Amino acid sequence: MSGRKGHALPRLVPRLWAMIIKEFIQLKRDRLSLAMIVIIPLMELLLFGYAINMTPRHLPLAVLSADTSALARDFVAAVKQTGYFDIRGEVTSEARAKAMLRSGQVIAILRIPPGFGRKLRAGMRPQMLLATDATDPVTTSGAVAAVSALATRVFRRALRGPGADLLATPAPFELVVHKRYNPAGKTAINIVPGLIGVILTMTMLVFTGLAVTREVERGTMEALLATPLRPVEIMLGKIAPYIIAGFIQMAIIMGAGRLLFGVPLAGPAQVLLVFTLIFIAANLSLGYTISTIARNQLQAMQMSFFFFLPSILMSGFMFPFHGMPVWARFIGELLPLTHYLRIVRGIMLKGAGFADMAREGFALLIFMLVVMGIAVVRFRRTLD
Amino acid sequence: MSAQGRTEAAGWAIDAHNLRKSFGGREVVRGISLKVRRGEIYGFLGPNGSGKTTTIRMLCGLLTPSGGGGRCLGYDIVRESRMIRLHVGYMTQQFSLYSDLTVGENLAFVARVYGMARPVELAERTAREMGLGARLNQLAGTLSGGWKQRLALAACTLHDPQLLLLDEPTAGVDPKARRDFWDSIHALASRGVTVLVSTHYMDEAERCHELAYIYKGRILANGPVDRIVAQSGLAAFSISGGRGLDDLARHLAGLPQVESVTFRGDEMHVAGRAGKALADAVHAACKARRLTCTADAPTLEDVFIHFMEDRPKVCGGEAGA
Ligand SMILES: Nc1ncnc2c1ncn2[C@@H]1O[C@H](COP(=O)(O)OP(=O)(O)OP(=O)(O)O)[C@@H](O)[C@H]1O
Ligand SMILES: [Mg+2]
């Protein structure tokens with residue numbers, strides 16, 4: 001009877017394939033997980049992009065103009081055009097303007113001095129004051145920066161001809177432009193690449209963090225262990241389907257980031273894909289390792305969270321990495337997200353290439369292999 | 001492979017000696033030795049918690065014995081458990097297939113895991129052979145109990161194992177399905193497959209070539225059914241004749257020489273250690289109540305009740321009613 005079908009040890013690939021197919025079918029039937037793959041990145045992107053870190057727009061502004069020239073009116077119109085300010089009133093007295101600011105009716109006052117237009121044409125660099133409610137600097141910083149940036153552009157048409165040389169330098173403002181590389185003050189540009197890393201960390205951990213405990217709790221582990229599957233085959237089979245899920249999430253964030261916030265991809269896409277593959281695999285292996293250590297699904301969730309929190313706080317996602325104390329930076333260096341953030345920001349925003357990011361990619365690879373090693377060793381081959 | 005050659009020459013599919021297993025200091029298997037011939041159906045009986053599942057798990061390498069050792073199909077159960085896994089089909093006591101996969105997908109998964117050629121075709125063919133053809137696309141979790149057991153049997157025989165370890169394969173299955181199930185097991189055995197099967201059903205035990213009765217982690221009796229019964233040294237009587245059976249049951253159960261009293265419809269079956277004391281007591285009691293008493297063959301059940309220390313004396317009927 002054994003002559004009919006060979007009983008030589010089947011090669012690794014078909015057995016691994018068996019695991020992959022099974023996991024795929026199970027994922028396909030798991031509507032909640034499928035929804036998670038798509039909804040989490042969108043939700044986080046909108047949350048971080050618009051609700052949390054987005055520079056507020058349509059701030060109420062009072063204009064206190066002592067000049068009726070066309071240039072002054074042009075400027076006010078341009079300020080309105082930025083979308084950062086809604087003009088709530090044109091006031092005539094300093095006291096009235098201050099009262100509005102104090103009461104919170106407006107969040108900023110734009111004061112145009114007498115003879116502004118005339119002085120501008122004469123090249124006398126008149127001053128313009130944008131007084132803001134500084135109790136919440138974050139609220140206004142973007143708006144302030146946007147208004148400051150206007151100075152170089154707004155009078156381009158009006159001063160064409162004899163006054164053109166006045167455009168060589170910006171009109172003087174008391175406000176200094178901080179975000180030199182980001183004139184519109186859009187925080188989303190920094191947030192979106194970071195979000196790719198954070199979302200991949202979170203969802204990949206959750207997906208595989210339950211991989212083993214679920215089989216144990218459903219009672220299927222006993223039969224799985226009684227098959228010739230090796231621990232490494234079980235691990236790879238459980239990880240593989242979610243790599244695709246990871247790339248889907250990345251595509252969603254990058255696509256939406258580009259559409260909604262105009263976040264660019266400055267560097268080579270294939271390099272980003274390769275490093276992202278390593279990063280996804282590293283997180284999946286970590287989740288899998290957690291699931292070999294945890295005794296039940298609740299423990300697995302707790303352990304994932306225990307890892308997720310420092311990843312958010314110490315990777316440079318929330319706070320600038322170089323502003324952290326040495327001990328925190330040391331912990332940060334051990335987290336895959338830290339390295340991935342450097343990679344994804346470098347490639348997307350600064351146009352970095354493979355050579356620039358090879359060290360960070362190598363760190364991810366080492367992390368992945370170490371974690372996979374732990375998982376294979378930790379995996380309980382028996383029910384003891 | 002020399003070890004396999006040796007065991008094969010001796011004809012043992014399972015050859016374990018003095019297996020022991022403790023969990024947290026409590027020894028639940030206390031020295032089980034077991035020899036099962038190739039092509040034989042070997043029954044594993046014993047009350048709940050006696051250590052049947054634990055022993056089976058040790059045989060296929062899922063648990064490491066705390067003492068003793070042995071070979072399955074010639075492979076050492078500790079050191080060569082991988083080889084054992086390739087050639088053994090293990091049907092767990094709990095349903096352990098994937099409830100979110102269909103019948104066909106579950107079988108194809110198993111086929112791939114064992115590296116079988118054309119897994120999908122094999123899965124479909126096996127399903128049809130097991131009468132699961134119509135349910136090929138049904139989620140395993142939605143099958144009824146009996147069909148789940150069928151699927152589990154199909155899954156553990158798919159790769160042509162030489163040894164089947166079946167842990168209570170017919171628990172909760174209706175009589176017709178149980179009969180079909182056992183026909184399948186006999187068909188497998190006739191093809192040379194060795195089957196070790198645990199069960200709580202006496203009729204199933206009687207369909208085995210040999211049996212082992214386990215109690216509190218030890219084998220109390222083993223061998224062919226008739227030999228176990230013969231060696232038990234029990235005698236039995238069948239009593240009938242209408243009223244007074246309840247009263248008689250109470251009376252007999254109080255006697256030291258009577259070990260079990262079983263109601264079977266209008267009849268009563270009494271067993272105890274064979275000898276003049278039992279015969280005299282039973283005859284006297286029947287005569288007093290004008291009941292007919294004839295000698296009967298002791299059953300396997302009598303034997304197993306005989307083995308239990310704190311045996312219940314009256315079974316199978318409402319003695320008090
Ligand atoms: N993993 C374990 N940890 C601790 N105790 C265990 C474990 N597995 C089994 N036991 C104990 O070992 C004893 C024997 O259990 P086992 O499952 O082998 O019995 P069984 O004969 O199969 O019973 P049943 O007929 O109810 O299936 C029981 O008392 C059980 O509680
Ligand atoms: Mg059991």
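Source: prediction; values computed, not measured. Just so we're on the same page: letters track the sequence lines, and every chain starts at 1.
A:Arg381 touches chain B through its backbone: at least one of N, CA, C or O sits under 4.5 Å from a heavy atom, while the side chain does not. Of the atoms belonging to B:Leu101, heavy atoms from both backbone and side chain fall under 4.5 Å from chain A. Using a 4.5 Å cut-off between heavy atoms, A:Met19 touches chain B through backbone and side chain atoms alike. For chain A, the nearby parts of B:Phe109 are the backbone and the side chain; heavy atoms of each come within less than 4.5 Å. Looking at A:Ile21, only its side chain comes within 4.5 Å of chain B, counting heavy atoms on both sides. In this structure, no portion of B:Ile84 lies under 4.5 Å from any heavy atom of chain A. With a threshold of 4.5 angstrom between heavy atoms, B:Ser81 does not approach chain A through any atom at all. Within the 4.5 angstrom heavy-atom criterion, no atom of B:Gln94 approaches chain A.
Heavy-atom contacts from other residues, nucleotides or ligands closer than 6.0 Å to CZ of A:Phe362 number 12 or fewer.
Using a 4.0 Å cut-off between a side-chain N of Lys or Arg and a carboxylate O of Asp or Glu, B:Asp15 and B:Arg37 do not qualify as a salt bridge. Using a cutoff of 4.0 Å between basic side-chain nitrogens and carboxylate oxygens, B:Arg20 and B:Glu27 are scored as salt-bridged.
Across every non-hydrogen atom of A:Leu341 and A:Gly194, the tightest pair is CD2-CA, 3.4 Å.
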Practice item. Evaluate the criterion salt bridge (Lys or Arg N to Asp or Glu O under 4.0 Å) for residue pair B:Arg57 and A:Asp384; output intermediate values, then yes/no. Key: CA-CA 10 Å; B:Arg57 284 175 175 166; A:Asp384 287 290; over 6 Å; no
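Applying the ring pair (Phe, Tyr, Trp, His ring centres under 6.0 Å) criterion to B:Phe44, with sequence neighbours excluded, gives no partner residue.
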